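Bear in mind that the values here come from a model prediction, so they are computed numbers and not experimental data.
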Amino acid sequence: MQRLLGGIRQLLMVLGALLLLAVLLLVAGNIWVLTRTAPYIDSRVDHCRAQPVGVVFGTSSWTRTGVRNPHFIARMHTAARLVKNGRVDHLLLSGDNRTRSYNEPRAMWRDLSARGVASQRLTMDFAGFSTFDTLARAQDVFQLDRATLITQRWHLPRAIYIARAKGMDVTGCVSSDGAVEGEWRLRLREALARVATLGDLYLWAREPYFLGPAEPISPAPAVGVPADDDKARSRRPLPGEQALDGILPGEPEAADVLPAPGE
């Protein structure tokens with residue numbers, strides 16, 4: 001019996017040590033990412049540093065309860081203000097288009113068009129399946145070496161860290177509409193994702209799901225071009241990509257929970 005109790009005690013000690021190590025790695029990884037990216041985050045739209053292109057990260061435009069996602073609204077509001085204030089000339093709308101009824105880039109395009117952003121200032125990327133994929137494609141497909149990243153404050157450190165680790169000169173512009181019910185889950189998931197990002201970059205050399213041919217963005221805005229939906233700039237469709245031609249602006253594309261941005 002004493003031998004059994006001794007073995008259990010040793011097992012608990014090993015498990016405790018592993019748990020402590022995991023907590024230390026989580027804390028250290030987050031501190032590293034947060035401190036390395038803090039100088040590149042601007043909290044107010046009026047203070048956001050000017051860049052040729054703004055990258056807007058996709059998220060569900062509706063929640064599971066059928067109301068508009070405040071994170072989506074805040075990103076669209078910030079992106080539109082940056083264009084109107086002359087802080088960015090062009091917006092790359094990068095998000096998921098996993099099914100016919102779920103199309104983040106199209107939802108962003110429609111919202112920004114309704115806010116008065118001209119279609120020739122918008123490029124849709126339908127393969128932004130994750131934060132990593134969005135930034136890898138921004139660099140390799142859309143040939144961006146400088147950009148303003150537009151998303152919530154808690155998402156910006158990871159996005160900026162990935163971009164700068166890949167050699168991009170980026171800054172972040174905070175889009176926030178205050179605390180949201182249930183946001184603690186996203187913040188916890190984001191804390192874990194920051195540590196996973198270090199592994200993606202330095203251990204297992206993660207690659208994006210899909211790249212495709214280069215399609216450089218020309219950020220200089222065109223003048224006098226009609227704001228026609230069909231002429232909105234977007235890259236060529238991916239195999240199996242779905243369109244939302246039958247869905248009206250403002251109609252829910254999907255009844256979804258508040259997902260982690262770009263995930």
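- R121 places no side-chain N or O within donor-acceptor distance of the main-chain N or O of L91, the cut-off being under 3.5 Å.
- Nearest heavy atom pair, residue Q152 against residue A74, reads NE2-CB, 3.7 Å.
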Original post:
Does the side-chain contact (heavy atoms from CB on, under 4.5 Å) test come out yes or no for V53 and F142, once each step is laid out?
Top reply: CA-CA 11 Å; V53 178; F142 298 101; over 6 Å; no
Subject >> Test log, rule side-chain contact (heavy atoms from CB on, under 4.5 Å), inputs H77 and S175 >> reply: CA-CA 8 Å; H77 175 72; S175 59; over 6 Å; no
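- Between F132 and E207 the shortest heavy-atom distance is CE2-C, 3.9 Å.
- Put simply, CG on L135 and CG on L144 are 10.0 Å apart, with the number rounded to the nearest 0.5 Å.
- L211 and V55 fall within a single hydrophobic cluster, where Ile, Leu, Val, Met, Phe, Trp and Tyr are joined by side-chain heavy atoms under 4.5 Å apart, directly or via other members.
- Atom CG of residue D169 and atom OH of residue Y40 lie 8.5 Å apart, to the nearest 0.5 angstrom.
- Put simply, the side chain of R137 gets close to the backbone of F210: a donor and an acceptor are under 3.5 Å apart.
- Looking only at side-chain heavy atoms (C-beta outward), S113 and L122 come within less than 4.5 Å of each other.
- Judged as a side-chain hydrogen bond (donor to acceptor under 3.5 Å, both in side chains), and not counting sequence neighbours, Q139 has no contacts.
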Original post:
Hey, mind stepping through R110 and S61 against side chain to side chain donor-acceptor pair (under 3.5 Å) and telling me if it holds?
Top reply: CA-CA 11 Å; R110 286 175 170 162; S61 57; over 6 Å; no
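- With hydrogens and angles ignored, the 3.5 Å screen pairs a side-chain donor or acceptor of E104 with a backbone N or O of D96.
- In this structure, the side chains of P208 and F129 stay at 4.5 Å or more apart for every pair of heavy atoms.
- Connection of Y202 to V33 is established within a shared hydrophobic cluster, with ILVMFWY side chains joined at heavy-atom distances below 4.5 Å, either directly or through further cluster members.
- When hydrophobic clusters are built by joining Ile, Leu, Val, Met, Phe, Trp and Tyr residues whose side-chain heavy atoms come closer than 4.5 Å, directly or via intermediates, I162 is not grouped with V195.
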Subject >> Candidate pair D200 and R158, rule salt bridge (charged side-chain N to carboxylate O under 4.0 Å, His left out), full reasoning >> reply: CA-CA 12 Å; D200 289 339; R158 178 163 61 101; over 6 Å; no
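- Criterion: ILVMFWY side-chain heavy atoms under 4.5 Å apart, direct or through other members. Under it, L34 and V170 are not part of a common hydrophobic cluster.
- Shown here for L149 and A163, the closest heavy-atom pair between the two residues is CD1-CB, 4.4 Å.
- A salt bridge does not link R87 to D42: none of the charged nitrogens lies less than 4.0 Å from a carboxylate oxygen.
- Connection of I31 to V23 is established within a shared hydrophobic cluster, with ILVMFWY side chains joined at heavy-atom distances below 4.5 Å, either directly or through further cluster members.
- A distance of 14.5 Å separates CZ of R81 from CE of M76, quoted to the nearest 0.5 Å.
- For T171 against I160, the heavy-atom pair with the smallest separation is C-CD1, 4.3 Å.
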**OP:** With side-chain contact (heavy atoms from CB on, under 4.5 Å) as the test, would you mind laying out the steps for R75 and T151 before giving the verdict?
**Re:** CA-CA 6 Å; R75 294 181 200 183; T151 184; 3.3 Å; yes
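- Contact detail for N103 and P105: the closest heavy-atom pair is OD1-CD, 3.3 Å.
- Between the CD atom of E190 and the CG atom of L156 there is a distance of 9.5 Å, given to the nearest 0.5 Å.
- Here the closest heavy-atom approach between residue S60 and residue N69 is recorded as O-ND2, 2.7 Å.
- In this structure, the side chains of F72 and M108 come closer than 4.5 Å at one or more pairs of heavy atoms.
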Subject >> Step-by-step side-chain contact (heavy atoms from CB on, under 4.5 Å) determination, S130 to R206 >> reply: CA-CA 12 Å; S130 68; R206 177 177 174 178; 3.0 Å; yes
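- Within the 4.5 Å cutoff, side-chain heavy atoms of P157 are placed close to those of R194.
- T37 is not listed as a side-chain neighbour of R164, based on a closest heavy-atom distance of 4.5 Å or more.
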Original post:
Can you list the steps and then say if R49 with T148 is a side chain to side chain donor-acceptor pair (under 3.5 Å)?
Top reply: CA-CA 8 Å; R49 282 160 275 193; T148 294; over 6 Å; no
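- In this structure, OG1 on T63 lies 11.0 Å from NE2 on H71, to the nearest 0.5 angstrom.
- D111 places no side-chain N or O within 3.5 Å of a backbone atom of A107 that could act as its donor or acceptor partner.
- In this structure, CG on L82 lies 9.5 Å from CG on D46, to the nearest 0.5 angstrom.
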